[in-house]
Amino acid sequence: MKKQYLRTERTHFMCPNMHFGMLMELEKEYEEERVKETLHRMAEAHPFLRSVVAYEDGTDQLYYKVTEHSQIDLVIRKNKSALWSDYSKLAVQDWNVFEEGMLKVFVYFENKQMTLLFVAHHLLADGRGLLELAQEFADVYVGKREPIYVEEHLIENIGDLPEKSSLTGISKMLVRRANATWKKENHTVSYEQYRSFAVKYGKEHPVEYKTYEADAVQVKQMQEQCREHGFTMNDLLMAHMYITTGASKIIIASDIRNRLSKYQKGALGNYATALGIVCKTNTKDIVKKAIEVHRAVQKSKAVNRKWMLVLACYFEMSPTLLDAAAISALGGFESKAGSFVGKSMFGMGKAESYSITNLGKVENEDIQSILFIPPASPAAKLTLGVVTLNGVMRLCSSKNS
């Protein structure tokens with residue numbers, strides 16, 4: 001496999017809380033050796049499940065160092081009492097990606113019933129990528145198929161994005177000015193500095209998680225409402241968030257797999273961008289709000305420079321400046337350039353934004369339930385993760401203190 005470098009993924013490298021989870025219950029009974037064998041076969045098929053992160057010799061470039069053996073960390077417990085504690089501890093322990101793999105799997109079993117918690121570092125995949133991994137585990141575990149090898153091919157440069165995605169005008173000027181200031185400052189953040197800060201940050205800023213569920217009847221009613229008025233389920237969910245929180249802007253994760261010619265289904269990595277959707281109309285009418293949201297989302301996606309803006313920024317920005325953005329904005333490192341990027345461009349000075357990631361709907365008769373636990377970005381006051389399985393929608397919110 002061609003060596004894969006952290007390009008757009010680099011922004012997740014030195015940033016707290018860059019892990020997220022997929023909580024899944026299977027219909028199949030628990031068998032320890034079968035669990036281990038399934039994960040082993042998946043690691044053989046996916047190079048990133050055998051990888052750690054490493055610096056290329058003599059440079060500040062980071063790449064995925066593929067090893068000979070699985071780097072999946074497996075923890076098996078006899079009941080689910082420690083589940084949320086296991087997940088929350090990752091924030092205060094941080095995650096040494098130079099020494100640890102990027103996927104942790106917790107298995108909880110009671111009376112042969114099995115619950116699995118897949119926790120991915122954002123360097124491994126985005127939410128949709130983790131959902132596909134969880135589904136693959138289910139299919140392999142019950143014996144329906146073998147893991148499929150897909151050569152990883154990450155977004156490497158601006159040319160991999162759709163046409164007319166490059167930065168222009170004031171955006172390009174701001175990034176160049178930040179790069180120039182960073183170069184004059186002539187310093188970098190060490191990984192050791194970052195990890196010490198991240199552990200302290202995690203202890204001082206605990207994250208609160210809440211879960212919700214919409215049954216098949218409620219989901220069907222929501223779908224009918226969407227069809228009747230011409231907006232999407234995501235538009236409707238965003239409308240609810242605007243009305244209940246009073247926010248005027250919501251950040252959404254937008255999947256771009258179908259816009260990338262080099263993407264192959266099943267590949268790991270990050271294939272999403274972020275969009276800030278502004279809707280200021282003051283109304284409690286959910287339909288009117290959803291229509292406004294729909295128009296705003298479609299308008300943002302109609303222009304590639306808007307749709308791909310965040311990814312384009314990553315390509316223009318010095319990688320070591322990206323490393324410094326979060327820690328500088330959050331007060332752990334002195335840098336004018338890093339603080340500007342972290343606060344003014346990425347909104348990390350204070351957790352004020354609202355965000356939603358909807359992974360859509362899947363059908364799988366072997367999965368009893370699934371829940372997407374979204375990352376608790378330092379920029380977000382509240383993030384909502386959504387996934388619909390077999391007609392039932394489950395939601396999970398991560399709220400920063």
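Considering only residues two or more places apart in sequence or on other chains, D255 meets the side-chain hydrogen bond (donor to acceptor under 3.5 Å, both in side chains) condition with R257. For L49, the side chain to side chain contact (heavy atoms under 4.5 Å, CB included) test picks out M42, A43, H46, I72, L103, L124, L133, L268, with sequence neighbours left out. For E37, there are no salt bridge (Lys or Arg N to Asp or Glu O under 4.0 Å) partners two or more places apart in sequence or in a different chain. With sequence neighbours left out, Q298 forms a side chain to side chain contact (heavy atoms under 4.5 Å, CB included) with H294. Not a single side-chain hydrogen bond (donor to acceptor under 3.5 Å, both in side chains) links K78 to another residue, sequence neighbours left out. Scanning for salt bridge (Lys or Arg N to Asp or Glu O under 4.0 Å) contacts around E99 gives an empty result, with sequence neighbours left out. By the side-chain hydrogen bond (donor to acceptor under 3.5 Å, both in side chains) test, S165 pairs with no residue at all, sequence neighbours left out. Residues forming a salt bridge (Lys or Arg N to Asp or Glu O under 4.0 Å) with K280 (at least two apart in sequence, or on another chain): none. Scored by the side-chain hydrogen bond (donor to acceptor under 3.5 Å, both in side chains) test, T115 finds no partners at all (sequence neighbours excluded). Under the salt bridge (Lys or Arg N to Asp or Glu O under 4.0 Å) criterion, R10 pairs with D323, not counting sequence neighbours.
Contact check on E292 versus K288 returns no salt bridge, with no Lys/Arg side-chain nitrogen under 4.0 Å from an Asp/Glu carboxylate oxygen. The residues R394 and E213 are annotated as salt-bridged, a charged nitrogen and a carboxylate oxygen being separated by less than 4.0 angstrom. Here E152 does not pair with K3 in a salt bridge; the nearest charged N to carboxylate O distance is not below 4.0 Å. By the 4.0 Å N-to-carboxylate-O rule, R128 lies too far from E132 to be salt-bridged with it. The existence of a salt bridge linking R145 and E136 is confirmed by a sub-4.0 Å separation between a basic side-chain nitrogen and an acidic carboxylate oxygen. Using a 4.0 Å cut-off between a side-chain N of Lys or Arg and a carboxylate O of Asp or Glu, K2 and E156 qualify as a salt bridge. Ionic pairing of E25 and K80 is present here: one or more N-O contacts between side-chain nitrogen and carboxylate oxygen are shorter than 4.0 angstrom. Residues E9 and R7 are not paired through a salt bridge, judged by the lack of any N-O separation under 4.0 Å between the basic side chain and the carboxylate. Using a 4.0 Å cut-off between charged nitrogen and carboxylate oxygen, R77 and D86 count as a salt-bridge pair.
Side-chain contact check for I356 versus N234: some heavy-atom pair is nearer than 4.5 Å. At a threshold of 4.5 Å between non-hydrogen side-chain atoms, the residues L117 and V119 count as touching. Put simply, the side chain of M22 reaches to within 4.5 Å of the side chain of L359, judged on heavy atoms. A 4.5 Å side-chain heavy-atom check between T211 and L395 finds every atom pair outside the cut-off. In this structure, M222 and L236 have side chains that are in contact, with non-hydrogen atoms separated by less than 4.5 Å.
Side-chain rings of Y194 and F13 stay apart, their centers remaining 6.0 Å or farther from each other. Taking the six-membered ring where the residue is Trp, the centroids of Y87 and H19 are separated by under 6.0 Å. For F197 and F333, the distance between ring centers is not under 6.0 angstrom.
The minimum heavy-atom distance between E29 and M114, with the atom names listed, is O-CE, 4.4 Å. Annotation for K343 and G349: closest pair CG-CA, 3.7 Å, computed over non-hydrogen atoms. Across A125 and F20, no two heavy atoms sit closer than the pair O-CZ, 3.2 Å. The nearest pair of heavy atoms linking L90 to W95 is CD1-CZ3, 4.4 Å. Considering all non-hydrogen atoms of both residues, K265 and V150 come closest at O-CG2, 3.3 Å. Between M317 and V341 the shortest heavy-atom distance is SD-CG1, 3.6 Å.
Residue-environment remark: CD (E110) exceeds the threshold of 12 foreign heavy atoms within 6.0 Å. The number of heavy atoms from other shown groups lying within 6.0 Å of CG (N282) does not exceed 12. Within a 6.0 Å radius of NZ in K183, no more than 12 heavy atoms belonging to other residues, nucleotides or ligands are found. Within 6.0 Å of CD in E365 there are 12 or fewer heavy atoms belonging to other residues, nucleotides or ligands.
Judged by distance alone, with hydrogens and angles left aside, the side-chain atoms of E100 form a donor-acceptor pair with the main-chain N or O of N96 at under 3.5 Å. Checked by atom type and distance alone, the side chain of R259 never pairs as donor or acceptor with a backbone atom of P162 at under 3.5 Å. Put simply, the side chain of D235 never gets that close to the backbone of A290: no donor and acceptor are under 3.5 Å apart.
Rounding to the nearest 0.5 Å places CD of E316 at 5.0 Å from NZ of K172. How far CD1 of I370 is from CG of L389: 6.5 Å, rounded to the nearest 0.5 Å. With rounding to the nearest 0.5 Å, the separation of OG1 in T67 from CZ in R50 is 7.0 Å. One finds the CD atom of E185 at 3.5 Å from the OG atom of S335 (value rounded to the nearest 0.5 Å).
Across N270, N17, T11, a single residue satisfies side-chain hydrogen bond (donor to acceptor under 3.5 Å, both in side chains) together with H122, and that is N270. Partner of Y55 under the ring pair (Phe, Tyr, Trp, His ring centres under 6.0 Å) criterion, chosen from F98, Y5, Y63: F98.
Among residues at least two apart or in separate chains, ring pair (Phe, Tyr, Trp, His ring centres under 6.0 Å) pairs with a member in residues 246-289 are Y263-Y271. Within the structure, the ring pair (Phe, Tyr, Trp, His ring centres under 6.0 Å) test picks out the following pairs touching residues 138-158 (sequence neighbours left out): F137-Y141.
Ring orientation note: the planes of Y30 and F109 are close to parallel, at an angle under 30° on the 30°/60° scale. The aromatic rings of Y64 and F48 sit parallel, their planes meeting at an angle under 30°, below the 60° perpendicular limit.
For the residue pair S254/W307, the side-chain donor-acceptor check at 3.5 Å is satisfied.
Within the cation-pi definition used here (under 6.0 Å to the ring centroid, within 45° of the axis), K289 qualifies as a partner of Y242.
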